[in-house]
Asks: 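Before anything else, here's the structure in question.
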Amino acid sequence: MDQVTKALIAGSIFGLIATGTMLPMDFGSKSKKRDALLAAFIERFSIGFIIPLIALPLPHYATGLLLGVLLSLPSAIITKTYIPILIMGALGGVIIGFLS
């Protein structure tokens, strides 16, 4: 399996997991919930897609951790929900980095 295929699979799985954890949440309206779920999927898909394709001079899990946290930080700042967003980005990044 080539790296792009692995990246597509990792991004899709991470995006689906992230949106799945958000389904029970209340966002006030259906359109806000749809927007939040779509944004979360795109962000997590991007993290999962990029990690297998980046080669930094670090162990793969460390590259995943770094990218997972850095790419999750804007959403954490905007929503002021730091802990869950950064932990999910860090854990997902480490797992994807380890597996790639």
Side-chain angles (χ1 to χ4, degrees):
M1 184 180 324
D2 67 332
Q3 288 301 100
V4 174
T5 303
K6 288 179 186 177
L8 287 169
I9 292 169
S12 297
I13 290 171
F14 193 32
L16 290 171
I17 290 170
T19 54
T21 62
M22 293 175 63
L23 284 174
M25 296 176 162
D26 180 32
F27 292 91
S29 72
K30 286 185 180 184
S31 65
K32 285 182 183 179
K33 185 169 189 168
R34 182 192 66 235
D35 294 345
L37 292 173
L38 181 59
F41 179 84
I42 291 169
E43 178 182 279
R44 300 310 181 170
F45 175 86
S46 300
I47 292 169
F49 183 76
I50 289 171
I51 291 170
L53 301 177
I54 300 289
L56 296 177
L58 299 168
H60 292 296
Y61 70 87
T63 298
L65 174 63
L66 177 66
L67 291 174
V69 171
L70 284 177
L71 295 172
S72 297
L73 200 53
S75 292
I77 292 169
I78 289 169
T79 62
K80 295 181 180 22
T81 311
Y82 298 95
I83 301 301
I85 291 174
L86 294 177
I87 287 175
M88 181 86 145
L91 286 174
V94 167
I95 292 168
I96 293 166
F98 180 76
L99 293 176
S100 65

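What's counted below: heavy atoms across the whole structure, side chains too, no hydrogens, waters or symmetry copies.
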Asks: Starting at CG of Leu67, measure out to OG1 of Thr63 and round the result to the nearest 0.5 Å.
Replies: 6.5 Å
Asks: Between Ile47 and Phe14, which heavy-atom pair has the shortest distance, and what is it?
Replies: CG2-CE2, 3.9 Å
Asks: Can you list everything that forms a side-chain contact (heavy atoms from CB on, under 4.5 Å) with Leu37? Sequence neighbours excluded, please.
Replies: Thr19, Met22, Leu23, Lys33
Asks: Looking only at atom types and distance, does a side-chain atom of Ser75 sit under 3.5 Å from a main-chain N or O of Ser72, one as donor and one as acceptor?
Replies: no
Asks: Grab the two heavy atoms, one from Ala36 and one from Phe27, that are nearest each other, plus how far apart they are.
Replies: CB-CE2, 3.6 Å
Asks: How long is the straight-line distance from OG of Ser46 back to CZ of Phe41, given to the nearest 0.5 Å?
Replies: 9.0 Å
Asks: Heavy atoms only: give me the nearest Gly48-Ile96 pair and the separation to one decimal.
Replies: CA-CD1, 3.6 Å
Asks: Let me check something: do Tyr82 and Val94 share a hydrophobic cluster, defined by ILVMFWY side-chain heavy atoms less than 4.5 Å apart, either directly or through other members?
Replies: yes
Asks: Side chain to side chain contact (heavy atoms under 4.5 Å, CB included) for Leu8 and Phe45? Distances and angles first, verdict last.
Replies: CA-CA 8 Å; Leu8 287 169; Phe45 175 86; 3.9 Å; yes
Asks: Can you name the nearest heavy-atom pair linking Leu86 to Val69, along with the distance?
Replies: CD2-O, 3.9 Å
Asks: Can you give me the closest heavy-atom contact between Ala7 and Leu53, atom names plus distance?
Replies: CB-CG, 3.9 Å
Asks: Looking at Phe98, I want to see if its CZ is surrounded by more than 12 non-hydrogen atoms of other residues, nucleotides or ligands under 6.0 Å.
Replies: no
Asks: In Å, rounded to the nearest 0.5 Å, how long is the span from CZ of Phe49 to NZ of Lys6?
Replies: 13.5 Å
Asks: So, taking the atom named OG1 in Thr21 and the one named CD1 in Ile17, what distance separates them when rounded to the nearest 0.5 Å?
Replies: 9.0 Å
Asks: Would you give the length of the straight line joining atom CD1 of Ile85 to atom CD of Glu43, rounded to the nearest 0.5 angstrom?
Replies: 7.0 Å
Asks: Under the side chain to side chain contact (heavy atoms under 4.5 Å, CB included) test against Leu71, which residue among Leu66, Ile51, Ile50 passes?
Replies: Ile50
Asks: CD1 of Ile13 to CD1 of Ile95: how many Å apart, nearest 0.5 Å?
Replies: 11.0 Å
Asks: If hydrophobic clusters are built by linking Ile, Leu, Val, Met, Phe, Trp and Tyr wherever their side-chain heavy atoms come under 4.5 Å apart, do Leu56 and Tyr61 end up in the same one?
Replies: no
Asks: Ignoring hydrogens, what is the shortest heavy-atom contact between Leu65 and Ala90? Give both atom names and the distance.
Replies: CD1-CB, 3.6 Å
